[in-house]
Amino acid sequence: MSELLNFNYPPEPATDRVTLFADVILPLPLPKLYTYRIPFEMNDEVMVGVRVIVQFGGKRVLSCIVADIHENAPADYQAKYILDVLDDKPIVTAPQLKLFKWIADYYMCTLGEVINAALPAALKLSSESRIQLHPHYNPEEDELILAAQEEKIIFALQNNQALTFTEVSTLLQGKPYHKYIKSLIQKEAIIIFEQVSEKFSPKVVKKVRLTEHFVQEEGMLEELFNQLTPQPKQLDVLLNYLQLVPVHQDIHLNYKGIEKGALVNNPHLSASSINTLIKKGVLEQFDQVVSRFPMDKEPQQLPMALSEHQLQAKDEILGLFKEKDTVLLHGVTGSGKTEVYIDLIKHALEGGGQVLYLLPEIALTAQIVTRLMKVFGDKLGVYHSKFSDNERAEVWQGILAGRFQVVVGVRSSVFLPFHDLSLVIIDEEHEASYKQYDPAPRYNARETALVMANLQGTKTLLGSATPSIESYYNCKTGRWGLVSMTKRFGQAQLPEIELINVRDEQHRKNMHSHFSGKLLGAIEARLQRNEQVILFQNRRGYAPFISCDECSWIPKCKFCAVSLSYHKYNNELRCHYCGYHERMPHDCPACGATSLKSMGFGTEKVEDELKLMLPNAEVQRMDLDTTKKKNSYQQIISDFESGRTNVLVGTQMVTKGLDFENVSLVGILNADTIINFPDYRAHERAYQLFVQVSGRAGRKSKPGAVLIQTRDPKQPIFTKVSNNDYQSLYDHEIEERLRFGYPPFTRMIRLTVKHNDEPTAENAAIVLAKDLTDRLGKPQVLGPEVPYIFKIRNLFLQEIHIKLPRETTNLKAAKHQVAQAVFNLRLLPDFKSVRVVVDVDPM
DNA sequence: AGCACGCCGACT
DNA sequence: GTCGGCGTGCTC
C-alpha cells in the first residue's frame, strides 16, 4: 500500500523520521523501567518483546526486554542509544508481559526479577570483560619494564586475540591478577573491552553428501567407481554411502546427506578415508542445525479407554466448564486422574491452542513423561529444572514457533511464552513447592497459572487427592466447580492403615532402635513374599544433631542458629540452612570425652540400621543427598521398579507420583514431628503427607498396608487418614481458619527483617511494625517476633505478619502501604543496611 | 545486581 | 605514607 502511494513522491526527507524511545526491563532488581533511544535505522526492528542490547552504567552491557515504545523524550536526562536488536520477532509475548506485570505487582517484586526468573539463562546474555593488546603496543619493539606476571599475560595475549578475566586468573594460577592488569593498562600495553556473547548455541551435526557434480550428470557415479577402484577403502566409503543414501533411486536424497558419524560406524571404514574424499571433492561436509528433542516421534494413538468413573468425571468437568472457569478434581490416590487429564488435553487440542500441564518437581518423573510422549509425540514439550540451559531455551523457542502444543513442566513453566492457551492443568495443586520461597519473585505457580488462564480466557483444571483448604473453600463457595472421584482405578483398594504406639512398644521392650517389632516383622513378611516396601522419614542425614554424653555439648552452625546434622557417609556435620560443614570430631571439643552420641534419626540412619537388621534386604535411600547427581534419581527409581532393591527409604521424595505395582507396605517411622509442627497448616500438611504416602501402597489387585509409628495414636488426624475422610479434615480446619483469621479468610504477607546486628534487626522490626500498624490498623499487624530459627547466614531475623481480611481489604492499596512502610524504614539512618524480604501468601 | 566512590585499619 | 576493606548510592 505505502509503496503504491509513494510511487509518485520523492522519498521522505530524513528529518521527518520519528524519534522513538523504548522502555526496557533490565534483568536486575530495579524498581522501574529505563528509557533508551532507538536509533533511526532500528525503528522497524525494535518491537515490544524483543531483546535489545544496551549500555547500563559506565561499563556494563546487558540484554533486556522492550516493554514499551513511545515518542516521549525523557525530560531530565539524556537517553542512551540502544546498541543492537537481538531478535527479529518478539521472544516475550504480549500476554506474557501482562502476566509478568501482575506477578511483580502481586508478589511485590520488580519486573526485572520476574524477567530474570522467567528467561532461560541461555536467552539472557551479559557482557564479559576481556583484555587484548593495546593497538599501539608492539611487545617485540617497545621495551617496557614488566613484572614477571605481566610478561606472562602479554605473552599469552600475543598468542590469543583476547583473554577473559577468568582465563587470566587460570594463567596466573588463581593468584590476584587485578593489579597487573591495572598496571598494564597504565603502561598502555593492553586495553579492556566488553564482549557480549549469545549463550544459546543450537545443536549442530556434521553431515556429508556427494558433491553436486557427481549426482547431476548421468554416468558420473560409474566413472567415480572406476576412479576409486585403486583405493578400496575410499570405494567402501562410497558404497556404504550409496547403500544408506540410495542416490541412484532418487537424486534428491543426496541433498539431505547423512551424518558423518553414521558413515563411520562401520568398523572397517575410517574417518580418514572420508576426509580424503572430502579433500578430493567427491564428498562435501556441511553442518545442520538439529533439535535437541527428536522430531521423529509420531504419537501412537493407543486405544486408551477411560473407565466408567473416569468418563463420568470427564463429562462432569466439561459440563462445569460451561459455567465456571475453574474446576477442582478431587480424586483419591490411584483413581486415575492422569487419564482424565490426557483425555481433556486431547479434547482441548481439537479446538487448537496450547495446553499447560503443571506438576511439582518431584512428581514430574520419567514415568509420566513417557506416558504423555506416547500420546502427544513431538507435540509435547517438557520443562524441567534438570534440563540444560540450551534445552530450556529450545522449549521456549519451540512454544513461540508453535512446535509444542502441550507442555508438561514444573513451577517455572508458567513463564513460558504461551499465546493461545486452551487449557491449564495443575496437578497436585496442594503442593507447597508451587510456591517459590527464595529468591524473588516469591510467586505461587498455582495462583499465577490461574491468572494466566484468566488473562487468556482459558479454563483451568486443578487436581489433587488432598486438596488445599483454600481450593476446597473456593469450591464450597461456588467460585469453582468440584468433581470427585472416590474409587480407585480397576480393582485396587485403599490400603489398610494401622497405628503403632511407640510409647507402648518401648515399655514392652519391643523397639529395635527406631523400628517397632511389628514394623520389622511386616517388612520381613513382604521380603519373603518378594514384595516391596517404602519407608518414609521426613528428615535427611543420619541424625539431626549430636551430643556429648559427658557434658551435653551440641555442635552448632557458626552462621545459623541451628545444630549441625550428622551425615555418616562422608563423616560430616552439616548445616541444612547455609551448607556449612565440618568434619565430625572424634572427641568432644568442649570436654575431650570420646562419647559423642547421635540424637534423633534421619533417612541415612534408617537405611543403615535396616541393612544391619535385615541383611538380606536390598535397601536404597532416596533423599536430597542421594539424588544430587544428574541421573541418580532415575537410577534409584529404575532399580526399585525392576526389583533390584526391595526397600526404598526416603524423604518427601517417595511420597509423590511414583506408581510401583509391587509395593504392598508403606511405613511412616515418626509421624509426630510432622503433626506437631508449629504452623497453622501443620494438620493440613500432615494429612496430605500421610494420605499421599499411603497411596503408594497396593495398586492393582494387591491390597496394601500402611504402618504408622507414633507416640500419640489418639491424634484425631489418624482417624481421618484411616477413613480417607477429607471432608472432616476440611470442616475442622476451615473452622479454625475462620476463628483465628487465617487464609482463606485473610490474605497474609510476611515481612522478614534481616541484619547482622541483633539489636538493629530488632529495633528496625519494631519501627516497621509500628508504622504498619498506623497504616493498616492494629489487628492487621502481628509481631514483630523472633522466628524459631533466629539467625541464618549470620543475619538476625525478625518477622512481622500482616493479615488482611479478604472481603474488606483493598489489596492493592494495602500492598502500597506495605511498600511505603518498607521504603520509609530504609530512609532512617540507623536502618540503611537493613534488609526486608516481603513474602505475599507465604507457605 | 555490579561498579564506583569514599572513608578508616595494617602493611610495603 | 599507601593498599584495600566494605558501606552507600547510582545506573536511562
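The basis for the numbers below is simple: all heavy atoms, side chains too, and nothing from hydrogens, waters or symmetry mates.
- Under the ring pair (Phe, Tyr, Trp, His ring centres under 6.0 Å) criterion, A:H567 pairs with A:H576, sequence neighbours left out.
- Between A:R835 atom CZ and C:dT8 atom C1' there is a gap of 11 Å when expressed in whole angstrom units.
- Shown here are the ring pair (Phe, Tyr, Trp, His ring centres under 6.0 Å) partners of A:Y443, two or more places apart in sequence or in another chain: A:F415.
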Set out, line by line, the N/O atom pairs under 3.5 Å between protein and nucleotides 10-12 of chain C.
residue : atom : partner : partner atom : Å
C:dT11  : O3'  : A:G57   : N            : 3.1
C:dC12  : OP1  : A:Y36   : OH           : 3.4
C:dC12  : OP1  : A:G57   : N            : 3.3
C:dC12  : OP2  : A:K80   : NZ           : 2.5
C:dC12  : O3'  : A:T35   : O            : 3.1
C:dC12  : O3'  : A:K80   : N            : 2.6
C:dC12  : O2   : A:T35   : N            : 2.9
C:dC12  : O2   : A:Y77   : OH           : 2.4
C:dC12  : N3   : A:Y77   : OH           : 3.4
C:dC12  : N4   : A:K32   : NZ           : 2.5

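- Nucleotide C:dG7 holds its P atom 17 Å from the CZ atom of A:F831, rounded to whole Å.
- Annotation: side chain to side chain donor-acceptor pair (under 3.5 Å) contacts involving residues 834-843 of chain A, sequence neighbours excluded, comprise A:Y106-A:D841, A:K435-A:D839, A:R750-A:D839.
- A search for ring pair (Phe, Tyr, Trp, His ring centres under 6.0 Å) contacts involving A:Y580 returns A:F559, not counting sequence neighbours.
- A salt bridge (charged side-chain N to carboxylate O under 4.0 Å, His left out) check over residues 73-102 of chain A, counting only residues at least two apart or in different chains, returns the pairs A:R51-A:D87.
- The nearest whole Å value for the distance from the CD1 atom in A:I115 to the C1' atom in B:dA1 is 15 Å.
- With sequence neighbours excluded, the residues satisfying side-chain hydrogen bond (donor to acceptor under 3.5 Å, both in side chains) with A:D757 are A:T760.
- Regarding A:R826, its CZ atom lies at a distance of 14 Å from the P atom of C:dG7, rounded to whole Å.
- With respect to the salt-bridge test (charged N to carboxylate O, under 4.0 angstrom), the residues A:D23 and A:K32 do not qualify.
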Pairs under 3.5 angstrom, nitrogen or oxygen only, protein versus nucleotides 4-9 of chain B, please.
none

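- Annotation: ring pair (Phe, Tyr, Trp, His ring centres under 6.0 Å) contacts of A:Y36 (sequence neighbours excluded): none.
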